[in-house]
Protein chains: 2
Amino acid sequence: MPQLISIAVCVSDDVTLSDFIPPVDILSSMNSGDHPVLGVGVPESAYRVTIDYLAPTMAPVVALQGRPAPTFNPTLTYADAMASGKQFDVLWVPAGPVDIFATGVSTIPKDEIAFIAQQAPKAKYVMSVCTGAVQLALAGVLTGKRATTSKAFYHAVGAVTPKDITWVPEARWVIDGNVWTSSGVAAGADMALAFVEHLAGKDVARYIRNVTEHPEVTDKDDPFAKIHGLI
Amino acid sequence: MPQLISIAVCVSDDVTLSDFIPPVDILSSMNSGDHPVLGVGVPESAYRVTIDYLAPTMAPVVALQGRPAPTFNPTLTYADAMASGKQFDVLWVPAGPVDIFATGVSTIPKDEIAFIAQQAPKAKYVMSVCTGAVQLALAGVLTGKRATTSKAFYHAVGAVTPKDITWVPEARWVIDGNVWTSSGVAAGADMALAFVEHLAGKDVARYIRNVTEHPEVTDKDDPFAKIHGLI
């Protein structure tokens, strides 16, 4: 029997959809062996995933202001998840509200930060994409750790987060213990593929990469550090 | 005043979310100049986009079977759009139901094919990602044209579509007249960036590429043709 991995995607209004949609499609491709059409020729994975989309309320989530993206539907509120006592295996944290970079004041929902702080100590993996690293930082997850984030917002992220974090300017993603943080937006899919390889092995990761047509990159392949003047 | 471009994203249950979410985030980044935080330093675009998500009904859309993706909410039904007489500027068609590759029988909603056939003759651009090319083919849009599609499903797509289409095995995306077709999943974001450059110019496209951290590729960069034995 494959092992079930429970993933909590932590969202709110103003989320960047591209920080988690390709990653969840990649991670859930570990379930493809069960699909009547897509399952043909799929290498067996020792894992299957279940994914919840957590938000402050069950109302449809509205993506980053000004982006005419579709609204989507959460499966669980942060408050209900915290009250239930459920422990998730993986937290996946995309970019949320960006007001903090202009005002210095966080409009990230307090429930989201509280949920991350409650879950992180016993989660097997905690992962962020782009400025989702701000939520991890504010929840105390990055204390004393190496991490990366959006290269366009690199200095902005450093300015609003605790000083006990070692930000890495040139990396597609950074792994420190069980905390994985990626660069901006598209880097999340690359980190998701690396995570599949870490969990389920090279054959499964290669299969998913080749079906989703993501060119192979490593954690060292980061042209955007130089483009944004960070190195 | 920027020119408004209306985009119809054509979906149904069993859609692949990654075929249109990064592309709509990229296309709608042409609106970023209007954003109070993200607008700082954005090159002026001569275009803004409006995007509708069309589906057979207004019920939440359930993505490809077995993928625990979030459900999302359409903004318009195909029937209402056709009855309204509205003409969209751009059709964006992601992969839909894949049953056709196993059974030879299409379960793509008839309304979706009818909508594409109704809109395509006067649309400024018609674009597909991955096996979304099947919907274009069944709507007659690809007759006599060069096009590409998923490299994993390349032969499967050829087997269920009319023989008067010239499928191109090695290309990240193909442009024939006003019809743009991309390879699988991740290629859709690359085509979206090329489309922004085509519409709004190099500066706007480069800005969006650098914020979303998509490495630069051209339509010739297609390692997956060889990986899938097509060349």
Side-chain angles (χ1 to χ4, degrees), chain A residues 7 9 16-18 21-22 24-26 28-29 31-32 34-40 49-53 60-61 63-75 98-99 101-102 130 150-152 172 183-187 189 210-217 221-224 227-228, chain B residues 7 9 16-18 21-22 24-26 28-29 31-32 34-40 49-53 60-61 63-75 98-99 101-102 130 150-152 172 183-187 189 210-217 221-224 227-228:
Chain A
I7 302 174
V9 178
T16 295
L17 295 188
S18 295
I21 292 292
V24 301
D25 272 352
I26 287 166
S28 63
S29 291
N31 298 7
S32 287
D34 304 328
H35 190 282
V37 178
L38 301 180
V40 178
V49 298
T50 61
I51 308 184
D52 273 295
Y53 299 87
V61 175
L64 189 61
Q65 186 189 338
R67 299 268 172 90
T71 64
F72 68 96
N73 305 304
T75 59
V98 294
D99 318 64
F101 303 123
C130 200
S150 162
K151 297 309 157 60
R172 191 71 170 163
S183 290
V185 194
N210 290 346
V211 168
T212 57
E213 301 192 33
H214 282 89
E216 191 158 6
V217 302
D221 296 324
D222 177 17
F224 298 100
I227 285 169
H228 289 289
Chain B
I7 302 174
V9 178
T16 295
L17 295 188
S18 295
I21 292 293
V24 301
D25 272 351
I26 287 166
S28 63
S29 290
N31 298 7
S32 287
D34 304 328
H35 190 282
V37 178
L38 301 179
V40 178
V49 298
T50 61
I51 309 184
D52 273 295
Y53 299 87
V61 175
L64 190 61
Q65 186 189 339
R67 299 268 172 89
T71 64
F72 68 96
N73 304 304
T75 58
V98 295
D99 317 65
F101 303 123
C130 200
S150 162
K151 297 310 157 58
R172 192 71 170 163
S183 290
V185 194
N210 290 346
V211 168
T212 57
E213 301 192 34
H214 282 89
E216 191 158 6
V217 302
D221 296 324
D222 178 17
F224 298 100
I227 285 169
H228 289 290

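The sequence lines fix the lettering, A, B, ..., with proteins before strands; numbering per chain opens at 1. Note that the coordinates shown come from a computational prediction; the quantities given were computed from them, not determined experimentally.
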Could you walk me through whether A:S150 and B:E213 pass the side-chain contact (heavy atoms from CB on, under 4.5 Å) check?
CA-CA 8 Å; A:S150 162; B:E213 301 192 34; 4.2 Å; yes
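Atom CG of B:D25 is separated from atom CG of A:L64 by 8.0 Å, given to the nearest 0.5 angstrom. Atom CZ in A:F72 sits 9.5 Å away from atom OG1 in B:T71 (nearest 0.5 Å).
For chain A, no part of B:D221 is nearby; none of its heavy atoms comes within less than 4.5 Å. Using a 4.5 Å cut-off between heavy atoms, B:S29 touches chain A through backbone and side chain atoms alike. Of the two parts of B:L17, the backbone and the side chain both hold a non-hydrogen atom closer than 4.5 Å to a non-hydrogen atom of chain A. Both the backbone and the side chain of B:T212 come within less than 4.5 Å of a heavy atom of chain A. With a 4.5 Å cut-off on non-hydrogen atoms, B:H35 touches chain A through its side chain but not through its backbone.
Put simply, the side chain of B:S18 does not reach to within 4.5 Å of the side chain of A:H214, judged on heavy atoms.
Among the candidates A:N210, A:V211, A:V217, the residue making the largest number of heavy-atom pairs closer than 4.5 Å to chain B is A:N210. Interface remark: of the candidates A:S32, A:A69, A:A63, A:A69 forms the most heavy-atom pairs closer than 4.5 Å to chain B. When the candidates A:P70, A:S28, A:A102 are compared by the number of heavy-atom contacts under 4.5 Å with chain B, A:P70 comes out ahead. Between chain A and the options B:P74, B:G184, B:P60, the largest number of non-hydrogen pairs under 4.5 Å is found for B:G184. If you tally non-hydrogen atom pairs under 4.5 Å between each of A:N73, A:V9, A:I51, A:V185 and chain B, the highest count goes to A:N73. Comparing A:A152, A:S183, A:C130 by heavy-atom pairs within less than 4.5 Å of chain B, the highest count is held by A:S183.
Between B:P68 and the options A:N31, A:T75, A:D52, A:T50, a side-chain contact (heavy atoms from CB on, under 4.5 Å) holds for only A:N31.
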